[in-house]
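Written below as structure tokens is the structure these notes are about.
Letters A, B, ... mirror the listed sequences (proteins, then strands); counts begin at 1.
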Amino acid sequence: MPELPEVETTKRAIAVFEGQVLKKIEVHNPNLRWAVDCKTIKTINEAKILSITRRAKYILIQLKNYCLIIHLGMTGTMRILPIESNATRKHDHVVFYFAKHKLIFNDARRFGSLHITKSPSNHFLLSALGPEPNQSDFNADFLYQKIKTSNTHTKSFLMNQKNVVGIGNIYACEILFAAGISPRRKIKYLTKKDCRAVVDQTHRIINLAIEKGGTTLQDFYAPDGNKGYFKIELNVYGREHQECRNCQNPIKRIIQNQRSTFFCKKCQN
DNA sequence: ATCTACTCCTGATTGC
DNA sequence: TGCAATCAGGAGTAGA
């Protein structure tokens, strides 16, 4: 399941196509999270790629006249094959053709998406997003202001992409553990000091994960090696009943907003 | 305006 | 061994 670091890693891997000419795009299955606009996609031929960037968990491929917006959803992956390769897989939904390679979007659960638009900044998926979690505009002052109007608990707040982007269920749990804050606390009661801890740990964990995510880079060139994400050590996520690495008390699991939350009752208040 | 429940989907795991 | 039930989760949407 790609979180922001995996998306960043994917973006870096496919950035090799910057400056290259996208010959055409083949859509094998348009039924992704949103139906792919095949009609417009078909008009793409011999289009030079101006840039490949990331915003939140979206990968943006900028062409001269259009921008492609890709979301990997839960199970989406991209892989690069030599143009002559026939190594197809189940759930290969979209193929991007270049001179010597093809780039394949594979997504078993189809929670991912592909959009094509003329103005990405106005696109409904991108227009209301909060700051990047590892950038300086996500800081303690910003967070302290933002929490005042929210009545939700800390974990739900962190996972809301309007507040800050890129934090999924796993990192929300890990960040709150590292910051020593309970996922059940109402976010509006956080002190300035708490906000600073959340921001500091977010920066640290996301940057560390991006750094480690880089080790999966080869996956995109070696289609058979499909493991390799979440190499960072998880302290709470998926560790119900196991000992807290800090105090040895058992890690608890609760359900918040239909999602599992893992935390240490003693270390997080 | 803000929050929560629901929803999409398939592979992996668990239970009988 | 096999089949069915359960779980996982990003994030938009409807409804409270």
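Taking atom NZ on Lys57(A) and atom P on dA11(C), their separation rounds to 4 Å, with Å as the unit. dC9(B) atom P lies 19 Å from atom CG of Leu72(A), rounded to whole Å. For Asp107(A) and dC8(B), the CG to P distance is 16 Å, given to the nearest whole Å. In this structure, CG of Leu32(A) is placed 18 Å from P of dG10(C), rounded to the nearest angstrom. Here the P atom of nucleotide dA11(C) and the NZ atom of Lys155(A) are 13 Å apart, to the nearest Å. One atom, CD1 of Ile69(A), and another, C1' of dA11(C), lie 15 Å apart when rounded to the nearest Å. Atoms NE2 (His71(A)) and P (dC9(B)) sit 17 Å apart, rounded to a whole Å. Put simply, CZ on Arg110(A) is 16 Å from C1' on dG10(C), counting in whole angstrom units.
Contact annotation for Arg259(A): base contact, defined as any heavy-atom pair under 4.0 Å involving a base atom. As judged by a 4.0 angstrom heavy-atom cut-off over every strand, Lys162(A) is placed among residues making no nucleic acid contact. When heavy atoms are screened at a 4.0 angstrom cut-off, Leu125(A) is found touching the sugar-phosphate backbone but no base atom. Here Phe157(A) lies out of heavy-atom contact (under 4.0 Å) with every strand.
If you check the side chains of Lys23(A) and Asn45(A), you find no donor sitting under 3.5 Å from an acceptor. If you check the side chains of His93(A) and Asn31(A), you find no donor sitting under 3.5 Å from an acceptor.
Closest to the side chain of Ala108(A), from the set dT10(B), dG10(C), dG12(C), is dT10(B). For Ser260(A), the side-chain atoms get nearest to dA8(C) when compared with the rest of dG10(C), dA11(C), dA8(C).
Applying the 4.0 Å criterion to OP1 and OP2 of dG11(B), one finds that His91(A) has a side-chain N or O inside that range.
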What N/O pairs connect the protein and nucleotides 1-5 of chain B at under 3.5 Å? Give each pair on its own line.
residue, atom, partner, partner atom, Å
dC3(B), OP1, Ser150(A), OG, 2.9
dC3(B), OP1, Asn151(A), N, 2.5
dC3(B), OP1, Thr152(A), N, 3.4
dT4(B), OP2, Thr152(A), OG1, 3.1
dA5(B), OP2, Gln258(A), OE1, 2.8

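Environment of NZ in Lys148(A): crowded, with over 12 heavy atoms of neighbouring residues, nucleotides or ligands closer than 6.0 Å.
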- request: Show your working on side-chain contact (heavy atoms from CB on, under 4.5 Å) between Lys252(A) and Cys264(A) and close with a plain yes or no.
  value: CA-CA 6 Å; Lys252(A) 293 283 179 197; Cys264(A) 174; over 6 Å; no
- request: Begin from the C-alpha positions of Gln256(A) and Thr261(A) and carry the test side-chain hydrogen bond (donor to acceptor under 3.5 Å, both in side chains) through to its verdict.
  value: CA-CA 6 Å; Gln256(A) 294 179 300; Thr261(A) 295; 2.7 Å; yes
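With hydrogens and angles ignored, a donor-acceptor pair closer than 3.5 Å exists between the side chain of Arg109(A) and the base of dA8(C).
Two residues, Lys90(A) and Arg33(A), neighbour DNA chain B, and the one matched to the more 5' nucleotide by heavy-atom proximity is Arg33(A).
A distance of 6.0 Å or more separates the ring centres of Phe177(A) and Phe263(A).
Phe111(A) qualifies as a stacking partner of the dG10(C) base, centre to centre under 5.5 Å and near-parallel within 30°.
Within the 4.5 Å cutoff, the side chain of Phe96(A) has heavy atoms near those of the Leu68(A) side chain.
Among all heavy-atom pairs drawn from Val95(A) and Lys102(A), the shortest one is CG1-CB, 3.9 Å.
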